[in-house]
Amino acid sequence: MKRTVDPAEIGFDPARLQRIDRHFARYVDAGLLTGWQIVVTRRGEIAHASAYGDRDREAGLPVEPGTLWRIYSMTKPVTSVAAMALWEEGAFQLTDEVSRWIPAFADVRVFEKGSARQPFTVPATEPVRVWHLLTHTAGLTYGFMHTSVVDALYRAAGHEWGAPAGTDLAQACDQWARLPLLFEPGTRWGYSVATDVLGRLVEVVSGRRLDEFVAERILEPLGMTDTRWWVDEPDADRLAALYAPDPSTGRAVRDDRLGAAARRPPALLSGGGGLISTAADYHRFTQMLLRGGEFDGARILGSRTVRLMATNQLPGGQDLGRLATGGFAETTLDGVGFGLGFGVVENPVPGRTHASRGEFFWGGAASTAFWIDPAEELTAMLFTQLLPSSAHPVRPQLRQLVYSALVD
């Protein structure tokens, strides 16, 4: 990607934007990251686009404009948009019970006390509804959280960073439904496999596989030609390698155990974390959202639907600082609500960071991130491949540097 405008024409100080590159280059020079790509836009123009370091350090391959990145949880907004496209057609109501399409969710139970060996559960008094999936208030969890008895039960069932070998999306949803919920649906917020269940709902309602529906309704209309669920051999060298910090030195060390999954067709199409994309493709997706559901002549959603998705939906209008349960390192929680597929900034002051009210955003487990700021008509994206995302404060630092370069 290339800059399309003089940054000064759209309110940026060009010299201050250069601080971004100097700051993040230090991470690579110190060996903490191997490479990165950053794109900042305003008013539909690319004000800053840069890359540094290697996409594959061991092979000596640099980050290039067409580098393919595992975007993990940045898949969630894509799946949420797919679901809301069906909602716009009247295919379901947000208050509908999920068990209407996935019967295994008809008799869910809630963990009350005990251990992973002897959990005590009670019947849920509230059914899991569609809006619970979109907002992560369903009571589901992730096995990799390591913060509760319930996520220990997920791990025991083979659901940690993936699912048991050969398990498809329909089977996984049935397995998750048989495990106890972390809390009563609609009462708290817990990051979870909820968007994967939402992806299965999309399949059942549409009668199409998730990858087919997403391609037909989002990727193809927006011209997101590089976004896919796995990387075939012709593009294998474009895929960035996956890294993790060495526990003793903090330096990025290659992780082929998890990284190899992106090179083969998945048994489970993960609407919560399965996509691989490029900066150019995800730029088109964020511009569509910034423009109220339309980009380059393709309308994906109505403008009011995007506005609804970017509005805090948490019970009582509370923020994640009050409602979140379990460990979570994707974002600052104070002053942040959650809409239908995105974190939503309600008040930037409690989080002690640059942001605008109404900004919506998310990130992925390998330290990727994006945000959309309608007030400033601004988007920003960060791509790298270091897991977990909590290893370094790259997200708040990018915010500091981007907003500090705005001078109009």
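Throughout, numbering of the chain's residues begins at 1 and tracks the sequence. Any value given below was found using the heavy atoms of this structure, including those in side chains, with hydrogens, waters and symmetry copies removed. Quantities reported herein were computed from a predicted structural model and do not represent experimental measurements.
- One finds a salt bridge joining D151 and R155 here, because a Lys/Arg side-chain nitrogen approaches an Asp/Glu carboxylate oxygen to under 4.0 Å.
- The aromatic rings of W161 and F144 sit parallel to each other, their planes meeting at less than 30°, with 60° as the upper class boundary.
- With a 6.0 Å cutoff to the six-membered ring centre and a 45° limit on the axis angle, R399 counts as a cation-pi contact of W371.
- When atom types are taken as modelled, the side chain of Q313 and the backbone of L308 share a donor-acceptor pair closer than 3.5 angstrom.
- Salt bridge annotation for R209-E203: absent, with no cationic side-chain nitrogen under 4.0 angstrom from a carboxylate oxygen.
- Of all non-hydrogen atoms in V40 and F12, the two that sit nearest each other are CG1-CZ, 3.9 Å.
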Let's go through I20 and I38 carefully: what are the C-alpha distance in whole Å and the side-chain angles of both, what is the deciding distance for side-chain contact (heavy atoms from CB on, under 4.5 Å) to 0.1 Å, and is it a yes or a no? CA-CA 9 Å; I20 295 172; I38 293 170; 3.6 Å; yes
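- Closest approach of S270 and W229 over heavy atoms only: O-CZ3, 3.1 Å.
- More than 12 heavy-atom neighbours from other residues, nucleotides or ligands sit within 6.0 angstrom of CZ on R43.
- Between F361 and D373, every side-chain heavy-atom pair lies at or beyond the 4.5 Å cut-off.
- The only option from Y142, F338, F342 that meets the ring pair (Phe, Tyr, Trp, His ring centres under 6.0 Å) definition with H136 turns out to be F338.
- Aromatic ring pairs are classed by plane angle as parallel below 30°, tilted from 30° to 60° and perpendicular above 60°; the pair Y191 and W189 is parallel.
- Shown here is E233, whose CD atom has no more than 12 heavy atoms of other residues, nucleotides or ligands within 6.0 Å.
- Although no hydrogens or angles enter the test, the distance criterion places no donor-acceptor pair under 3.5 Å between the side chain of E9 and the main chain of D6.
- For E97 and R100, the salt-bridge test fails: no basic side-chain N is under 4.0 Å from an acidic carboxylate O.
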Residues L94, W87; criterion side-chain contact (heavy atoms from CB on, under 4.5 Å); working and verdict: CA-CA 8 Å; L94 294 177; W87 176 80; 3.6 Å; yes
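- In this structure, L153 and P180 approach most closely via the heavy-atom pair CD1-CG, 3.5 Å.
- Remark: the backbone N or O of A49 is not paired with any side-chain donor or acceptor of R3 at under 3.5 angstrom.
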